Each structure stands twice: as structure tokens, then as C-alpha cells.
There are 2 protein chains.
Amino acid sequence: MTAESTTGKRRYHHGDLKAALLEAAEAVLAEKGLEGFTLRECARRAGVSHAAPKHHFRDVGHLLTVLATLAFQRLNAAMGHRKSMIESQDARAVLQAIGEGYIAFAADNPHLFNLMFNCALLDNQDPELTAESEAAFKELARSVAAVRDVDDAMTDEAGRLDVVLMWSVVHGFSQLFIFGQFEIGRGEDESREAWLQRLSRQLMARLLALY
Amino acid sequence: MTAESTTGKRRYHHGDLKAALLEAAEAVLAEKGLEGFTLRECARRAGVSHAAPKHHFRDVGHLLTVLATLAFQRLNAAMGHRKSMIESQDARAVLQAIGEGYIAFAADNPHLFNLMFNCALLDNQDPELTAESEAAFKELARSVAAVRDVDDAMTDEAGRLDVVLMWSVVHGFSQLFIFGQFEIGRGEDESREAWLQRLSRQLMARLLALY
DNA sequence: GCTCCTAACTTTACGGTGACAAGATAAAGC
DNA sequence: GCTTTATCTTGTCACCGTAAAGTTAGGAGC
């Protein structure tokens with residue numbers, strides 16, 4: 001792909017700079033966080049000059065918007081994967097899987113999660129971004145509808161409320177977990193991963209007691 | 001206090017620059033958001049040179065940490081106020097009031113809420129900040145304990161889970177509401193405030209059905 | 001009153017940032 | 001081969017946070 005990897009010499013034309021910049025951006029985001037994110041650092045890692053990104057992205061907000069769109073795709077994939085992993089496709093089990101998938105994605109990609117839901121630089125009018133974001137929402141709403149045994153959860157007031165509740169729980173938990181607010185109740189002999197898995201499972205189960 | 005307000009002339013010594021900077025900081029945060037926040041803009045609004053803040057705050061992170069500490073105090077006050085407003089001190093009514101207070105604060109001060117829970121520049125080791133943050137958490141845990149009719153909600157596993165659930169709901173809802181993710185289900189004839197009030201009330205009521 | 005000390009603030013400077021304009025280069029089309 | 005065009009570089013600008021050094025004013029001791 002990039003000639004550099006084979007010849008070791010830098011070409012004037014990168015080859016696939018757009019993808020390379022997005023990859024670099026995610027790495028920078030993971031290392032430095034949103035406040036430490038800089039476009040120039042991305043360019044540096046991709047091995048190009050500081051002005052090179054301009055040709056592929058309008059500005060830093062545009063790059064982040066595209067990255068967030070990809071992140072939403074991965075969130076959707078994560079939820080879908082969890083859903084496909086369970087044997088019984090019982091509505092309650094599906095909802096549980098969707099919720100755990102949401103939380104697992106957030107815990108695995110805290111920097112991306114933060115980007116998706118807490119970045120003022122994002123262009124929320126961007127059609128591709130909103131499409132992916134709505135897809136995530138609809139996946140969740142569909143699961144709630146199934147548990148309520150209706151076609152569309154958003155048609156009646158009670159259904160809408162349950163979707164809001166469900167989303168709030170998984171989102172709030174993810175956020176607070178990432179921020180480290182729950183560390184108090186963690187046993188010392190338990191790994192962070194195991195603890196998260198247990199907690200998210202219990203949380204969803206408790207919530208399902210409403211039905 | 002500041003001589004400027006009475007004489008109209010700028011003094012070399014401000015008088016109460018620390019407070020003035022914090023006030024300016026909140027205004028800047030409200031206008032420009034966290035990504036548009038600059039220390040120099042704060043200094044400008046306080047009518048001092050760009051290096052003046054250095055004497056009162058180590059760096060930009062320190063200023064934001066102090067501001068976040070004040071914000072947590074206000075969150076605690078908001079919850080306490082809601083709690084004091086209800087006539088019956090029934091445990092369920094109290095929990096409902098606490099939750100609604102949390103959400104109301106977030107909706108009224110989205111910029112501060114974002115600062116408190118989504119800013120990597122904050123010094124989470126700061127004792128004053130952690131003290132206020134823990135106070136908020138304890139207020140919530142206490143309300144959950146009362147509903148469960150126990151002294152301390154954090155002693156048993158089920159109690160801890162309910163605290164986590166409760167916090168996740170109010171926090172996640174606040175976050176998503178601020179981000180505008182719930183605009184879909186809003187009637188056009190309803191004001192944003194009335195809608196929020198109704199929604200948060202219903203949300204807490206639905207959650208209380210667990211008990 | 002005076003002097004001295006020190007905290008509060010200003011000025012100046014440095015490296016880094018995003019955005020923009022203009023120039024250089026290579027790849028692709030004819 | 002020649003031209004066109006997209007891609008990338010260099011150079012510049014205003015602005016940022018931080019630091020060092022200089023300036024001012026308020027207060028303590030006399």
C-alpha cells in the first residue's frame with residue numbers, strides 16, 4: 001500500500017493518506033485524549049507534512065467526525081456480535097446482550113466513546129454520522145420493543161420511556177465506569193475485566209426485573 | 001471590592017482576581033465549550049494580562065479543577081434543595097427528588113456538567129474535588145439505602161448494584177439529554193423545560209417500580 | 001512620616017497549534 | 001511526450017499555554 005513500508009524511502013505521494021490519518025488519529029486519541037489531540041501530531045505519525053491533511057479533511061472537526069462515524073459502526077458491530085453469540089434468541093436475552101455489548105465497547109474504547117458523545121468539534125449535521133448514530137439507537141429500541149412484545153417501541157409513551165431508560169442506563173454506566181467512579185465496589189482479587197462483565201450482567205438483569 | 005467598578009480606572013492590583021477568573025472561566029466555558037476554552041480569554045475578561053492567572057492557578061488544569069469543585073458544590077446544593085422542597089419525606093419521594101435534582105442541574109449547567117465528568121485536564125487527585133464528588137455520591141447512596149430500608153446501601157452486593165443503577169440512570173439521561181439525543185420524542189407544543197420535567201419525573205417513577 | 005519587603009501584576013519570549021496561500025511534485029490522461 | 005490535475009510541501013499568520021524577568025503597590029516595622 002504505502003511504498004514506504006517496502007522501500008523504506010518516503011514517497012511524495014503517500015498512497016492512502018486518508019486511511020493512514022484516521023489510523024493515526026485513533027492512536028493519538030487513545031494516547032493523549034481529546035484535549036491532547038492535535039492534527040499536526042496525526043500528520044507526523046502518518047509521515048507527512050502538517051498541511052497534508054487539509055486535502056482529505058476540511059479541518060480537525062471533519063477528521064474527528066469521520067472517525068466518530070467509524071466508531072459508531074464499530075459500536076453497532078459490537079452489539080450485533082454479542083447478540084449473535086447467544087444461543088437462545090429470547091427477547092430478554094437479546095436485550096441483555098445488546099446492553100452488555102454497548103458497555104463492552106465503551107470499556108474497550110474509552111477514547112472513542114468520549115469522542116462520540118462528548119466532542120463539541122463533531123459535526124452533528126453530518127449525514128453519515130447521524131445515520132450510524134441512529135442505527136445504534138434503533139438497534140436498542142428494537143430490543144426494547146421485543147421485550148415489550150410490540151412492533152415499535154416508539155409509538156406509545158410507555159415504550160419511549162423504556163427506551164430512554166434503557167439507553168440512559170447503559171450509557172451512564174459506561175460513562176461512569178470509564179471515568180473510574182465505580183472503583184470503590186471492586187474486590188481486590190478480581191480483574192477489571194471480570195468485574196466489569198459481572199457488574200454489567202447484574203445491572204442488565206436487575207433492569208429486566210421491570211418486565 | 002474591585003476599584004475599577006467605582007472609579008472606572010484600572011488598578012494594577014485587581015483586588016479579587018481569583019474569584020474574577022473563576023467567574024470569567026464559567027462564562028467562557030458556557031460560550032465556547034471545553035474545546036474552545038482558553039486561559040488567555042479568561043484573563044482578558046477579568047481585565048488583566050494573560051500571565052496574571054499564573055499567580056492564582058498553577059495551570060489551566062488547576063483553574064478547571066477549582067471550577068469543577070465549585071460545580072460539584074452546586075450540584076449537591078441543587079439536590080439538597082429539591083429534597084427540601086417536597087412535603088412528605090417518604091424515602092421513595094426523596095430518591096425521586098434527588099434524581100430529578102441531579103438531572104435538573106445537568107440540564108441547567110450543561111457546560112459545567114461536561115467539565116465535571118468529561119475533562120481530562122482535571123486533577124482527580126485533588127482532595128477538595130474528590131471530597132465534593134464523593135459528597136454527591138453519598139447523597140445518592142443514602143437515598144437508595146432509605147428506599148431499601150437499610151442503614152448503608154454499600155454493605156451488601158444488591159445494595160451496591162442499586163446505587164450503581166440509580167447513578168447510571170440519572171447520569172446517562174443527563175448526558176444524553178444535553179447531547180440532544182432525546183429530541184425525537186418531544187412534542188412540538190411542549191417547551192423544553194416542561195418536557196424535561198415530565199420526562200425525568202416519569203423516568204424516576206419507572207425506576208422506582210423496582211421496589 | 002519613611003524604608004523595605006513581598007505579593008500581585010505586566011512585559012517579553014518560546015515552542016506548539018490550526019488554518020491558509022502559494023509553490024513543488026508525481027501520477028494520470030491524452 | 002506533453003499537459004492537466006490531484007497530492008503533498010513550505011512558509012506564514014494569529015493564537016495558545018507556560019516561563020522568566022521586570023514593574024508596581026500595599027503592608028509591616030520603625
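Residue numbering restarts at 1 for every chain, and letters A, B, ... go by the order of the sequence lines. Because the structure is predicted, anything quoted here is derived from the model rather than measured. Heavy atoms only: backbone and side chains are in, while hydrogens, waters and symmetry mates are out.
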Considering residues at least two apart in sequence or located in another chain, which fulfil the salt bridge (charged side-chain N to carboxylate O under 4.0 Å, His left out) criterion with [X]?
X: A:R40; result: none
X: A:R82; result: A:E100
X: A:E190; result: A:R198
X: A:E193; result: none

- Query: Is there a side-chain polar atom (N or O) of A:K54 under 4.0 Å from OP1 or OP2 of C:dA19?
  - Reply: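 No, A:K54 has no side-chain N/O under 4.0 Å of OP1/OP2 on C:dA19.
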- Query: Is the phosphate of D:dT7, meaning OP1 or OP2, less than 4.0 Å from a side-chain N or O of A:H55?
  - Reply: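 For D:dT7, OP1/OP2 do have a side-chain N/O of A:H55 under 4.0 Å.
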- Residue list, side chain to side chain donor-acceptor pair (under 3.5 Å) with A:N76, at least two apart or on another chain: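 With sequence neighbours excluded, A:N76 shows a side chain to side chain donor-acceptor pair (under 3.5 Å) to A:E132, given in chain and number order.
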- Taking only residues two or more places apart in sequence, or in another chain, which ones meet B:E31 in a side chain to side chain donor-acceptor pair (under 3.5 Å)?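 For B:E31, the residues satisfying side chain to side chain donor-acceptor pair (under 3.5 Å) (neighbours in sequence not counted) are B:R45.
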- Query: Taking only residues at least two apart or on different chains, which pairs with a member in residues 19-40 of chain B satisfy ring pair (Phe, Tyr, Trp, His ring centres under 6.0 Å)?
  - Reply: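 Pairs touching residues 19-40 of chain B that pass the test: none.
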- Sequence neighbours left out, what pairs pass ring pair (Phe, Tyr, Trp, His ring centres under 6.0 Å) with at least one residue falling in residues 118-147 of chain A?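 Of all non-adjacent pairs touching residues 118-147 of chain A, those that pass ring pair (Phe, Tyr, Trp, His ring centres under 6.0 Å) are A:F137-A:W167.
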- Query: Would A:R148 and A:D156 count as a salt bridge (Lys or Arg N to Asp or Glu O under 4.0 Å) if you check the C-alpha gap in whole Å, the side-chain angles of each, and the deciding distance to 0.1 Å?
  - Reply: CA-CA 11 Å; A:R148 288 176 59 81; A:D156 65 315; 3.0 Å; yes
- Can you name the one residue among B:L22, B:T65, B:L64, B:L39 that meets side-chain contact (heavy atoms from CB on, under 4.5 Å) with B:F57?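 With B:F57 as partner, B:L22, B:T65, B:L64, B:L39 yield a single side-chain contact (heavy atoms from CB on, under 4.5 Å), made by B:L22.
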- Item | Close approaches to DNA chain D from residues 21-31 of chain B, in residue order (heavy atom, under 4.0 Å) |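 The answer is none.
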- Item | Sorted by number, the residues of residues 117-125 of chain A with heavy-atom contact under 4.0 Å to DNA chain D |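 Output list: empty, so none.
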- Message: Expressed as a whole number of angstroms, how long is the span from A:K32:NZ to C:dG16:P?
- Response: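 Going from A:K32 (NZ) to C:dG16 (P), I get 12 Å.
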- Nearest-angstrom distance from the residue atom CG of B:L17 to P of C:dT10: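 Checked: the CG to P distance equals 8 Å.
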- Query: ring-ring contact (aromatic ring centres under 6.0 Å, His included) with B:H81: which residues, sequence neighbours excluded?
  - Reply: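 In terms of ring-ring contact (aromatic ring centres under 6.0 Å, His included), with neighbours along the sequence ignored, B:H81 is linked to no residue.
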N/O-N/O pairs, protein side and nucleotides 15-17 of chain D side, under 3.5 Å:
from	atom 1	to	atom 2	distance (Å)
D:dC16	OP2	B:R44	NH2	2.6
D:dG17	OP1	B:L39	N	2.5
D:dG17	OP2	B:L39	N	3.2
D:dG17	OP2	B:R40	N	2.9
D:dG17	N7	B:R40	NH1	2.2
D:dG17	O6	B:R40	NH1	3.1

- Message: Of the options D:dT9, C:dT11, D:dT18, whose atoms approach the side-chain atoms of B:A51 most closely?
- Response: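 For the B:A51 side chain, the nearest candidate turns out to be C:dT11.
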